[in-house]
Amino acid sequence: MSHQSWQAFLDKYLVVDGDNTLIRYVRVSQNDKQQLKSYLSELASIDPRTLNKAEQYAYWVNLYNAITVDLILDNYPVKSITKLGGLFSFGPWGDDVITITGQTLTLNDIEHRILRPIWNDPRTHYAVNCASLGCPNLQSQAFTSANTEALLEQAANTFINSKKGADINGDKATLSSIYDWFAKDFEAQGGIIAHMAKYNPELTGFDGTIDYDYNWDLNKK
């Protein structure tokens with residue numbers, strides 16, 4: 001299946017700024033907003049079970065990321081994605097956002113009921129983007145069955161070697177809160193530090209003090 005519409009959006013509005021990839025939300029034209037919604041409708045019309053496993057993974061990651069951008073555009077300007085959702089909710093992750101094969105899904109469903117448990121790959125945390133500066137970057141390429149492995153490795157390497165992934169000062173390290181929230185996902189790889197050390201040798205055998213931090217400010221340019 002084609003993700004060219006999503007790729008065209010990324011090519012036009014994604015910019016690299018230091019450790020971050022940011023979106024020019026303010027510049028997105030009405031036509032391109034509509035194109036993004038058309039892309040989401042196109043994905044919603046497909047039964048992902050008819051795709052092979054690699055195509056399914058790309059489908060769900062692109063769907064998650066495109067929905068997130070669409071939500072921000074619908075509510076822009078907004079300081080943080082955490083301001084979206086119901087009156088007492090922290091963000092829109094529990095809101096119904098799309099219907100696939102007759103099933104109404106939330107962003108939480110896509111990430112925590114489909115991507116994480118089915119693929120059981122901790123690098124998924126580097127693939128899905130929550131429109132925040134603290135999040136692993138939105139990739140400049142749409143995921144496809146052909147490029148997923150390379151993109152996951154690139155995303156993991158970039159994030160772990162950035163200050164928002166791991167800020168190391170002697171025997172103290174501030175890691176992304178992702179590693180606190182989802183520590184279980186990294187157990188099969190020997191734990192968080194063992195996983196991160198594969199990409200950042202500076203963390204090999206690290207046994208100092210660990211704090212966690214996350215920046216929820218919007219990834220806007």
Side-chain angles (χ1 to χ4, degrees), residues 1-14 21 23 25 28-76 78 80-121 123-132 135-145 147-148 151-152 155 182 216 218-220:
M1 61 172 299
S2 172
H3 296 286
Q4 191 49 48
S5 296
W6 179 228
Q7 186 62 60
F9 182 93
L10 295 171
D11 289 344
K12 199 165 180 180
Y13 297 110
L14 196 72
T21 61
I23 296 180
Y25 295 106
V28 181
S29 69
Q30 282 304 125
N31 184 59
D32 287 336
K33 287 177 186 177
Q34 193 50 54
Q35 288 296 321
L36 182 58
K37 289 188 183 297
S38 296
Y39 170 67
L40 290 173
S41 296
E42 185 186 330
L43 292 188
S45 71
I46 293 168
D47 182 347
R49 295 168 298 188
T50 64
L51 307 173
N52 67 41
K53 201 81 182 289
E55 288 171 333
Q56 285 182 38
Y57 187 86
Y59 170 95
W60 290 115
V61 168
N62 290 332
L63 179 66
Y64 185 102
N65 290 337
I67 287 172
T68 300
V69 170
D70 185 58
L71 284 171
I72 297 296
L73 288 170
D74 280 349
N75 292 277
Y76 195 80
V78 64
S80 168
I81 192 171
T82 62
K83 306 299 182 190
L84 306 186
L87 188 59
F88 299 108
S89 43
F90 182 83
W93 295 285
D95 296 350
D96 292 340
V97 286
I98 201 159
T99 302
I100 309 289
T101 61
Q103 288 257 63
T104 303
L105 300 175
T106 67
L107 286 172
N108 277 339
D109 289 332
I110 296 171
E111 182 177 6
H112 306 308
R113 289 181 53 214
I114 297 170
L115 282 167
R116 287 176 59 224
I118 293 175
W119 278 271
N120 198 26
D121 187 335
R123 294 176 303 170
T124 292
H125 293 295
Y126 310 121
V128 293
N129 181 269
C130 65
S132 303
C135 194
N137 286 331
L138 182 61
Q139 297 301 297
S140 61
Q141 293 177 64
F143 278 75
T144 68
S145 58
N147 71 12
T148 288
L151 279 184
L152 288 175
F182 301 107
W216 285 107
L218 191 67
N219 62 341
K220 68 179 174 68

Enquirer: I need the Ile23 CD1 to Leu138 CG distance, nearest 0.5 Å.
Expert: 5.0 Å
Enquirer: Please report the closest heavy-atom contact between Thr99 and Ala44, naming both atoms and the distance.
Expert: O-CB, 3.7 Å
Enquirer: Can you check whether Phe143's main-chain N or O pairs, donor with acceptor, with Asn62's side chain at less than 3.5 Å?
Expert: yes
Enquirer: Would you say Leu71 and Asp95 make side-chain contact, with heavy atoms under 4.5 Å?
Expert: no
Enquirer: Show me the pairs that pass side chain to side chain donor-acceptor pair (under 3.5 Å) and involve residues 67-76, at least two apart or across chains.
Expert: Lys37-Asp70, Lys37-Asp74
Enquirer: Tell me, do Ile110 and Ile67 make a side-chain contact under 4.5 Å, heavy atoms counted?
Expert: yes
Enquirer: Among residues two or more places apart or on two chains, list those pairs meeting ring pair (Phe, Tyr, Trp, His ring centres under 6.0 Å) that have a residue in residues 47-72.
Expert: Tyr57-Trp119
Enquirer: Evaluate the side-chain contact (heavy atoms from CB on, under 4.5 Å) criterion for residues Asn219 and Thr21: first the C-alpha distance (whole Å), next the side-chain angles of each, then the deciding distance (0.1 Å), finally the verdict.
Expert: CA-CA 7 Å; Asn219 62 341; Thr21 61; 5.9 Å; no
Enquirer: Looking only at non-hydrogen atoms, find the nearest pair between Leu51 and Met1 and report the distance.
Expert: CD1-SD, 3.8 Å
Enquirer: Measuring only between side-chain heavy atoms, which start at C-beta, is Tyr25 closer than 4.5 Å to Val78?
Expert: no
Enquirer: Counting distance only, does the side-chain N/O of Asn65 pair as donor-acceptor with the main-chain N or O of Asn129 below 3.5 Å?
Expert: yes
Enquirer: So, for Pro48 and Ile100, which heavy atoms are closest and what is the spacing to 0.1 Å?
Expert: CD-CG2, 3.6 Å
Enquirer: Provide the closest heavy-atom pair for Ala155 versus Gln139 in the form atom of the first, atom of the second, distance.
Expert: CB-NE2, 3.4 Å
Enquirer: Going from CZ on Phe90 to OG on Ser80, what distance comes out if it is rounded to the nearest 0.5 angstrom?
Expert: 6.5 Å
Enquirer: Say you draw a straight line from CG of Leu151 to OH of Tyr126; how long is it, rounded to the nearest 0.5 Å?
Expert: 15.0 Å
Enquirer: Out of the candidates Thr104, Asn108, Asp109, only one should pair with Thr106 under the side chain to side chain donor-acceptor pair (under 3.5 Å) rule; please name it.
Expert: Asp109
Enquirer: Going by the angle between their ring planes, with limits at 30° and 60°, are Phe9 and Trp6 parallel, tilted or perpendicular?
Expert: parallel
Enquirer: Taking all non-hydrogen atoms of both residues, which atom of Gln141 and which atom of Asn147 are closest, and how far apart?
Expert: OE1-ND2, 3.7 Å
Enquirer: Checking Asp32 against Ser29: is there a side-chain donor and acceptor pair closer than 3.5 Å?
Expert: yes
Enquirer: Show the nearest heavy-atom pair for residues Ile114 and Pro117, with the distance to one decimal.
Expert: O-CD, 3.6 Å
Enquirer: Taking only residues two or more places apart in sequence or in another chain, which ones pass side-chain hydrogen bond (donor to acceptor under 3.5 Å, both in side chains) with Asp96?
Expert: none
Enquirer: So for atom NZ, which belongs to Lys33, do other residues, nucleotides or ligands contribute more than 12 heavy atoms lying within a distance under 6.0 Å?
Expert: yes
Enquirer: Going from CD1 on Ile118 to CG on Asn120, what distance comes out if it is rounded to the nearest 0.5 angstrom?
Expert: 11.0 Å
Enquirer: Between CD of Glu111 and CG of Leu105, what distance do you get to the nearest 0.5 Å?
Expert: 13.5 Å
Enquirer: Could you tell me the separation between the OG1 atom of Thr148 and the CD atom of Glu55, rounded to the nearest 0.5 Å?
Expert: 10.0 Å
Enquirer: Side chain of Gln103, backbone of Ile98: donor and acceptor closer than 3.5 Å?
Expert: no
